[in-house]
Visitor: 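Here you go, one structure.
Everything numeric in this text was worked out from a predicted model, so none of it was measured. Heavy atoms only: backbone and side chains are in, while hydrogens, waters and symmetry mates are out.
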Amino acid sequence: MPEKKKRFTPEFREEAVRLAQTSGRSRREIATDLGIGLSTLRAWIDGRRDAQMERPPPDRQEDLVAELKRLRRENEVLRPQSARS
């Protein structure tokens with residue numbers, strides 16, 4: 001029978017990614033030490049990178065909200081001007 005797929009906690013995944021990014025050891029060594037496949041570790045690293053790109057940090061989020069408000073105000077001012085042209 002095929003083996004059951006292993007389930008890893010989010011904490012385990014985060015720690016594995018942290019080790020891969022900060023330990024100075026190769027990803028292969030870390031994967032072997034943790035008993036996971038190299039492709040699994042790579043997928044977790046890629047997933048974390050993608051998540052960080054999609055969700056900016058909270059302070060950056062506030063900057064984006066302020067910029068959006070400013071741009072909307074500018075659009076309100078420019079819209080009537082462009083309609084007259």
Side-chain angles (χ1 to χ4, degrees):
M1 274 192 234
E3 283 188 40
K4 275 190 157 183
K5 191 173 184 179
K6 290 183 182 179
R7 299 283 180 184
F8 298 99
T9 65
E11 294 82 13
F12 181 85
R13 293 176 185 210
E14 290 172 18
E15 182 64 14
V17 171
R18 188 191 65 74
L19 281 170
Q21 293 176 336
T22 62
S23 71
R25 296 169 50 213
S26 74
R27 291 178 180 178
R28 183 175 306 281
E29 289 176 318
I30 292 166
T32 301
D33 288 351
L34 295 175
I36 59 175
L38 179 58
S39 61
T40 300
L41 180 58
R42 283 186 188 141
W44 293 349
I45 292 168
D46 291 346
R48 181 186 223 186
R49 183 191 61 235
D50 293 346
Q52 288 173 340
M53 290 174 63
E54 291 174 6
R55 288 177 291 151
D59 58 335
R60 177 73 175 125
Q61 186 70 29
E62 291 171 8
D63 293 344
L64 293 174
V65 169
E67 182 179 9
L68 178 61
K69 287 179 182 178
R70 180 185 61 80
L71 292 171
R72 285 184 173 160
R73 283 193 305 268
E74 287 179 14
N75 281 341
E76 289 174 13
V77 170
L78 295 173
R79 217 173 262 135
Q81 292 175 0
S82 65
R84 286 184 241 152
S85 301

Visitor: Quick one: CG on Leu68 to CG on Asp63, what's the gap to the nearest 0.5 Å?
Guide: 12.5 Å
Visitor: Is Arg72 salt-bridged to Glu76, cutoff N-O under 4.0 Å?
Guide: no
Visitor: Who pairs with Arg27 by side chain to side chain donor-acceptor pair (under 3.5 Å), at least two apart in sequence or on another chain?
Guide: none
Visitor: If you round to the nearest 0.5 Å, how far is OG1 of Thr40 from CG of Leu34?
Guide: 11.0 Å
Visitor: Where do Glu14 and Arg18 land on the salt bridge (charged side-chain N to carboxylate O under 4.0 Å, His left out) test, with the steps shown first?
Guide: CA-CA 6 Å; Glu14 290 172 18; Arg18 188 191 65 74; over 6 Å; no
Visitor: Measuring from Leu41:CG to Asp46:CG, what's the distance to the nearest 0.5 Å?
Guide: 9.5 Å
Visitor: Work out which heavy atom in Gln21 is nearest to a heavy atom in Ile45; give both atom names and the distance.
Guide: NE2-CG2, 4.3 Å
Visitor: Nearest 0.5 Å please: distance from the CG atom of Leu38 over to the OG1 atom of Thr32.
Guide: 8.0 Å
